[in-house]
Structure formats: C-alpha cells, structure tokens
Amino acid sequence: MGFRPNQQTQRNMEKTLVLLKPDACRRKLIGEIIARFERKGLEIAAMRMMFLTPEIAKRHYVEHVAKPFYPELEAYITSGPVVAMILQGPSAISAVRSLAGPTDGLLAPPGTIRGDYSMSYRMNLVHASDGPEAAEREIAIFFG
C-alpha cells in the first residue's frame with residue numbers, strides 16, 4: 001500500500017531530483033541509499049541509471065561551468081553511471097537534503113548519508129536539488 005497524503009501533507013507535496021553519483025554506484029551503496037529515502041516515507045516517482053555526457057553535466061551544473069573546479073567536477077560526474085530519481089512526498093526537498101547531510105562528508109553528522117559513507121567534499125555520493133526551482137529545472141534535464 002502506497003503513501004496516502006492527508007489534506008495537510010498534500011499542501012506540502014513536492015518532487016525533487018536525486019542523483020546517486022558514480023562513487024555511490026562504484027561502492028555498491030545504491031540499495032542502501034534508496035532504502036533510507038524509502039524508510040523516510042519518500043516515494044520513487046521515476047528512476048533510471050545512465051551515464052552523464054559532458055553536455056548533460058554542463059546543463060546540470062550550469063552555475064559552475066565557468067568556475068576553476070568545473071573540469072574536475074565534470075570528469076568525476078561523467079566517470080561512471082549515476083542513478084537519477086524523482087522522489088516525491090511531503091516537503092521532499094528538505095527531507096532529502098536533511099537525509100543527505102552537508103556537502104562535505106567529513107563535516108556531515110553521523111546518521112546522514114554523507115556522514116555515514118563519505119569522507120570527501122566532491123565525492124559525496126548524492127546530489128539533491130536545493131529548492132523548488134532547481135528541482136523543476138533538474139527534473140526536466142533528466143526526465144524530459
């Protein structure tokens with residue numbers, strides 16, 4: 001039986017994009033990470049495994065393309081498969097970001113995905129949309 005929102009939660013229903021990055025795939029953490037989102041009560045609305053092309057990476061990270069670190073970021077995100085997901089549920093954006101933890105795995109608290117499994121700023125396992133506008137833009141990139 002799926003999640004059935006009441007009137008209160010229906011007002012806060014959101015969709016967000018999550019990417020399980022190449023390091024999550026390489027380390028075989030896909031199932032563990034997805035399970036955390038599902039145990040929280042989030043629902044997978046769409047999911048696909050894919051390799052990012054440099055063109056998709058540039059569209060996704062458009063705000064970083066001109067920055068000096070971008071070539072390294074692009075090399076990393078295109079280095080292996082990613083799992084792209086649309087997660088939905090009440091306040092999904094903040095729920096996903098809370099579960100993911102701060103960007104830097106060394107600073108992320110235990111109990112978060114990054115705090116439990118990452119020791120890196122760049123190789124931090126997951127991408128999570130940072131707001132409603134970003135979620136809409138990013139979902140369009142990965143799911144049309």
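In this structure, Glu72 places its CD atom where only 12 or fewer heavy-atom neighbours from other residues, nucleotides or ligands lie under 6.0 Å away. Lys40 NZ: 12 or fewer foreign heavy atoms inside a 6.0 Å radius. At most 12 heavy atoms of other shown residues, nucleotides or ligands fall within 6.0 angstrom of atom NZ in Lys28. Within 6.0 Å of CD on Glu32 lie more than 12 heavy atoms contributed by other residues, nucleotides or ligands.
Put simply, the side chain of Tyr117 never gets that close to the backbone of Gly105: no donor and acceptor are under 3.5 Å apart. Arg97 places no side-chain N or O within donor-acceptor distance of the main-chain N or O of Gly131, the cut-off being under 3.5 Å. Looking at Glu14, its side chain does come within 3.5 Å of a backbone N or O of Ile93 through a donor-acceptor pair. With Arg26 contributing its side chain and Lys21 its backbone, the two residues share no donor-acceptor pair below 3.5 Å. Distance alone, capped at 3.5 Å, places no donor-acceptor pair between the Arg27 side chain and the Leu125 backbone. Checked by atom type and distance alone, the side chain of Asp116 never pairs as donor or acceptor with a backbone atom of Pro110 at under 3.5 Å. Counting only distance, with no hydrogens or angles, the side chain of Ser98 and the backbone of Ser94 share no donor-acceptor pair below 3.5 Å.
In the hydrophobic clustering of ILVMFWY residues, with side-chain heavy atoms under 4.5 Å counting as a link, Phe142 and Ile86 come out together. With hydrophobic clusters built from ILVMFWY side chains whose heavy atoms lie under 4.5 angstrom apart, Met13 does not share a cluster with Val96. Connection of Met49 to Leu29 is established within a shared hydrophobic cluster, with ILVMFWY side chains joined at heavy-atom distances below 4.5 Å, either directly or through further cluster members. No continuous path of ILVMFWY side-chain contacts below 4.5 Å connects Val83 to Phe143, so the two sit in separate hydrophobic clusters. Note on Tyr61: it clusters hydrophobically with Val82, by side-chain heavy-atom contacts below 4.5 Å among ILVMFWY residues.
Defined by atom type and a distance below 3.5 Å, a donor-acceptor pair is present between the side-chain atoms of Tyr76 and Asp23.
Residue Asn124 holds its CG atom at 11.5 Å from CG of Leu107, rounded to the nearest 0.5 Å. If you take CD1 on Ile33 and CE on Met85, they are separated by 8.0 Å, rounding to the nearest 0.5 Å. If you take CZ on Arg114 and OG1 on Thr103, they are separated by 5.0 Å, rounding to the nearest 0.5 Å. One finds the OG atom of Ser91 at 10.0 Å from the CG atom of Leu42 (value rounded to the nearest 0.5 Å). Atom NZ of residue Lys15 and atom CG of residue Leu87 lie 11.0 Å apart, to the nearest 0.5 angstrom.
Annotation for Ser79 and Pro22: closest pair OG-CB, 3.7 Å, computed over non-hydrogen atoms. Heavy atoms only, all atoms of each residue included: Ile30 and Cys25 are closest at CD1-SG, 3.8 Å. The shortest heavy-atom contact between Tyr70 and Ala57 is OH-C, 3.4 Å. Closest of all the heavy-atom pairs between Ile77 and Leu52 is CG1-CD2, 3.7 Å. Heavy atoms only, all atoms of each residue included: Ile34 and Met47 are closest at CD1-SD, 3.8 Å. The minimum heavy-atom distance between Ser118 and Met123, with the atom names listed, is OG-O, 3.0 Å.
Side-chain contact check for Leu17 versus His60: some heavy-atom pair is nearer than 4.5 Å. Annotation: side chain of Glu136 is not in contact with side chain of Glu133 (no heavy-atom distance under 4.5 Å). With a 4.5 Å cut-off on side-chain heavy atoms, Phe51 and Thr78 do not count as touching. Within the 4.5 Å cutoff, the side chain of Phe37 has no heavy atoms near those of the Ile44 side chain. Arg137 is listed as a side-chain neighbour of Val62, based on a closest heavy-atom distance under 4.5 Å. Considering only heavy atoms from C-beta on, Ile56 comes within 4.5 Å of Met50 through its side chain.
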Exercise for the section: Would you sort out whether Glu55 and Arg59 count as a salt bridge (Lys or Arg N to Asp or Glu O under 4.0 Å), showing the intermediate values? Expected result: CA-CA 6 Å; Glu55 294 74 29; Arg59 286 179 59 207; over 6 Å; no

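Taking the six-membered ring for Trp and thresholds of 30 and 60 degrees, Phe69 and His64 have ring planes inclined between 30 and 60 degrees apart.
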